[in-house]
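See below for the structure under consideration.
Chain letters run A, B, ... following the sequence lines, proteins first, then strands; residues in each count from 1. Quick note: numbers below take in every heavy atom, side chains included, and nothing from hydrogens, waters or symmetry partners. These numbers come from a predicted model, not from an experiment.
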Amino acid sequence: MPPPSQPRDDAAMVATVVSWFAVEGRELPWRADVVTPWGILVSEVMLQQTPVARVEPVWREWITRWPTPASLASATQADAVRAWGRLGYPRRAARLWECAHTIVAQWDGQVPRDPQALRMLPGVGEYTAAAVLAFAFGERAIVLDTNVRRVIARAWNAEPLPRPHLVAAERAVADALAPTDPTMAARWAVASMELGAVVCTARAPQCTACPIAHACRWLADGRPGLAQAPRRSQAWNGTDRQVRGRMLALLRESHDPVRLRGHRALADVEPEQFDRCLASLLADGLASVAAEETFTL
DNA sequence: AATTCGGGGCG
DNA sequence: CGCCCAGAATT
């Protein structure tokens, strides 16, 4: 029988995770001291729904080629999308390119150190704005990505996984948890994210390696609910997303305009879906008409 | 609140 | 082969 509910020392748990990160945290390239706010912003956008391992080489290439917003703004969107490679969600590349233009035009070429200004940048939502404020500027921002949400869900709420959508109550818990001191809050942000990424993982959490295992409510309850997968699987084969990706791959690989209709790589695509996907790529500005029935990035 | 938007790699 | 990954924008 567990002891009667003893008061939990949230501050001690936070401090423990911060100390753990100082020793065990990975040395990712965008965590180096020399990285600029622009480098942080680029990394955060690339990391939206894309694993660290795949982002690393592309980030290095981008930041070497376009070390400032002005340098990316002087490139073409096609260059940005092509350099994006196969990271996925190529609209992010277009948005980052738009970000560069906005930052040059409105913020004197400097990534703004302001939540509302950041949120106005295309592709920058609640998470990314908070991450830039914390990681690039050392401010106290509530960083709630899927990793931090999972850590809080388990250690504090005794739930196996966070809910599909971020709710207000979660922000309140996270805000109460974050240290008042900006520097400490920023350290907690990166440390809690790292804990979720490498220890408190979704499928196979390494509780024996967790610095706050002794205080984790979910572990104390016997890690219930781990087996079930509450999320709906996203179909892939034959989806518009796959077809869009295949079309864009053809455009990326060629520097000359491409005749997409009737292309042998798209032979299995029904005409209706072909038209729908091509139209959406044009609407997103990811493809443009070069001439009659030929397209480019 | 629910959908759409890539792609790869791992258990 | 299902599931997950430093989400955002649109409806």
> Under a 4.0 Å heavy-atom cut-off, which of residues 192-201 of chain A touch DNA chain C?
Replying inline: A/M193

Restricting both atoms to N or O, compile the protein contacts to nucleotides 8-11 of chain C shorter than 3.5 Å, with distance only.
residue: C/dA8; atom: OP1; partner: A/G125; partner atom: N; Å: 3.0
residue: C/dA8; atom: OP1; partner: A/T128; partner atom: N; Å: 2.9
residue: C/dA8; atom: OP1; partner: A/T128; partner atom: OG1; Å: 2.6
residue: C/dA8; atom: OP2; partner: A/Y127; partner atom: N; Å: 3.3
residue: C/dA9; atom: OP1; partner: A/G123; partner atom: N; Å: 2.7

>> Work out how far the P atom of C/dA6 is from that of B/dT3, and round it to whole angstrom.
In response: 24 Å

Please output the side-chain donor-acceptor pairs of residues 112-121 of chain A that fall under 3.5 Å, not counting sequence neighbours, one pair per line with the distance.
residue: A/R113; atom: NE; partner: A/E139; partner atom: OE2; Å: 2.7
residue: A/R113; atom: NH2; partner: A/F137; partner atom: O; Å: 3.1
residue: A/D114; atom: OD2; partner: A/Q116; partner atom: N; Å: 3.2
residue: A/D114; atom: OD2; partner: A/A117; partner atom: N; Å: 2.8

Please tabulate, one pair per line, all N/O donor-acceptor pairs under 3.5 Å involving side-chain atoms of residues 247-255 of chain A, not counting sequence neighbours.
residue: A/R252; atom: NH1; partner: A/G85; partner atom: O; Å: 3.2
residue: A/S254; atom: OG; partner: A/D256; partner atom: N; Å: 3.0
residue: A/S254; atom: OG; partner: A/D256; partner atom: O; Å: 2.7

>> Tell me which residues in residues 55-67 of chain A lie within less than 4.0 Å of DNA chain C, going by non-hydrogen atoms.
In response: none

>> Going by ring pair (Phe, Tyr, Trp, His ring centres under 6.0 Å), name the residues that satisfy it together with A/W38, two or more places apart in sequence or in a different chain.
In response: none

>> Listing request: all side-chain hydrogen bond (donor to acceptor under 3.5 Å, both in side chains) pairs with a residue in residues 175-187 of chain A, at least two apart in sequence or in separate chains.
In response: A/R140-A/D175

> Using a heavy-atom distance cut-off of less than 4.0 Å, which residues of residues 33-47 of chain A contact DNA chain C?
Replying inline: A/E44, A/L47

>> Please give the remaining members of the hydrophobic cluster of A/V104, linking ILVMFWY side chains under 4.5 Å, ordered by chain and number.
In response: none

>> Tell me whether A/E293 contacts the main-chain N or O of A/L260 through its side chain, where contact means a donor paired with an acceptor under 3.5 Å.
In response: no

> By ring pair (Phe, Tyr, Trp, His ring centres under 6.0 Å), which residues pair with A/W188, not counting sequence neighbours?
Replying inline: none

>> Pick the closest DNA chain B nucleotide for A/V167 and for A/R246 by heavy atoms, then say which residue is nearer the 5' end.
In response: A/V167

>> Under the rule for salt bridge (Lys or Arg N to Asp or Glu O under 4.0 Å), what residues qualify as partners of A/D10, not counting sequence neighbours?
In response: none

>> Suppose the criterion is salt bridge (Lys or Arg N to Asp or Glu O under 4.0 Å): which pairs have a residue in residues 124-133 of chain A, not counting sequence neighbours?
In response: A/E126-A/R171

>> Just N and O in the side chain of A/R92: are any of them under 4.0 Å from OP1 or OP2 of B/dG6?
In response: no

> Would you say a side-chain N or O of A/R86 is under 4.0 Å from OP1 or OP2 of B/dG8?
Replying inline: yes

